[in-house]
Amino acid sequence: MGGAILVLSGPSGAGKSTIIENASSKIGDYYFSISTTTRKPREGEIDGVNYHFVSREEFEEDIKAGVFLEYATVHGNYYGTSLKPVKEALKRGKLVIFDIDIQGHRLVRAKVGDLVTSVFITPPSLSELERRLYSRSTDKKSIIEKRIENAKEEIKAICEFDFVIINDNIERASNEFATISNASRLKLSKRELEKLVANWENS
Ligand code: ADP
Ligand code: 5GP
């Protein structure tokens, strides 16, 4: 059986990173796709662990070189998913997890939708999102305001996703995410289903 892709999207501050970290021991063997971004690192973020941090020039070179499976401008910075490590992980039959925005989800669906399961994560309300962004205290007020404005648009894409997790309780949300992750491994691609049907009568 080949690998599978799980796309995780939701407003900045929804709890995506916290949920992945909390659920990681319950998901089994997976590969987390480390994105490339032109955003400046936050305090505590490590290059090559949280993101590959690059300049706009480097990112634009990579676009020209066809490095990305998808990329988008989010909150005024470039973010992109490199194709090569994803392809390698899929070849090894792994579940590949993407933390990408709603534009990235659309692009990945259009390219490899057959392999994709998707989940949208949101706090129970906009005011709770605002509270979390301020209490995380990783971004300036102007950046937080921009993220809150964008969240009002992002939530409108919720119907495009296979699953929704309301992150009002981190334990419950992490368990739901682990369940969805493990189920997404079992999704068979169209090619695998056709093979199954072809062999079904004759074996
Ligand atoms: P994202 O990766 O989606 O941007 P984070 O995982 O950084 O979001 O979470 C944003 C903030 O909200 C962090 O400070 C995190 O500790 C906090 N947080 C996450 N989930 C919950 C929850 N269920 N209840 C309260 N705070 C939460
Ligand atoms: P942050 O700056 O808070 O880490 O991320 C901001 C937003 O960018 C989040 O919605 C996150 O999901 C999204 N993002 C992170 N990596 C990628 C990527 O490779 N591609 C796309 N399209 N979005 C990304």
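All ligand and atom numbering here is 1-based and tracks the order in the structure.
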Inset, instruction - Check each of Tyr71, Tyr51, Tyr79 against atom 17 (C) of ligand 2 and report the one with the nearest heavy atom. - result: Tyr79

Inset, instruction - For Lys16, take its heavy atoms, then give the atoms of ligand 1 lying under 4.0 Å from any of them. - result: 1 (P), 2 (O), 3 (O), 4 (O), 6 (O), 8 (O)

Legend entry - Proximal atoms of ligand 1 relative to Ala14 (non-hydrogen, under 4.0 Å): 3 (O), 8 (O)

Legend entry - Interfacing atoms of ligand 1 (cut-off 4.0 Å, heavy-atom, Thr18): 5 (P), 6 (O), 9 (O), 15 (C), 19 (C)

Inset, instruction - For Ile170, take its heavy atoms, then give the atoms of ligand 1 lying under 4.0 Å from any of them. - result: 20 (N), 23 (N)

Inset, instruction - Look at the rings of Tyr71 and Phe59 and say which category their plane angle falls in: under 30° parallel, 30 to 60° tilted, over 60° perpendicular. - result: perpendicular

Legend entry - Per-residue contact class, Asp99 against ligand 2 - non-hydrogen pairs under 4.0 Å: both

Inset, instruction - Measure from atom 14 (O) of ligand 1 to every heavy atom in Arg147, Arg172, Arg136 and give the option owning the shortest one. - result: Arg136

Legend entry - Contacting atoms of ligand 1, where contact means under 4.0 angstrom from a heavy atom of Asn167: 19 (C), 20 (N), 21 (C), 22 (C), 23 (N)

Inset, instruction - Output yes when the distance from some N or O of ligand 2 to some N or O of Arg39 is under 3.5 Å, and no in every other case. - result: yes

Inset, instruction - Under 4.0 Å, heavy atoms only, figure out whether ligand 2 is touched by the backbone of Arg42, its side chain, both or neither. - result: side chain

Legend entry - Per-residue contact class, Lys16 against ligand 2 - non-hydrogen pairs under 4.0 Å: side chain

Legend entry - Nearest neighbour of atom 22 (N) of ligand 2 from the list Thr37, Asp101, Ile100, on a heavy-atom basis: Asp101

Inset, instruction - May I ask whether Arg147 has any heavy atom positioned less than 4.0 angstrom from an atom of ligand 2? - result: yes

Inset, instruction - Return the residue, atom name and 0.1 Å-rounded distance of the protein heavy atom closest to atom 2 (O) of ligand 1. - result: Ser17 OG, 2.7 Å

Inset, instruction - May I ask you to identify the nearest protein heavy atom to atom 18 (N) of ligand 1, giving residue, atom name and distance to one decimal place in Å? - result: Arg132 CD, 3.9 Å

Inset, instruction - Considering the heavy atoms of Pro11, write down every atom of ligand 1 situated less than 4.0 Å from one of them. - result: 3 (O)

Inset, instruction - For atom 10 (C) of ligand 1, find the nearest protein heavy atom and state the residue, atom name and distance (0.1 Å precision). - result: Gly13 O, 3.6 Å

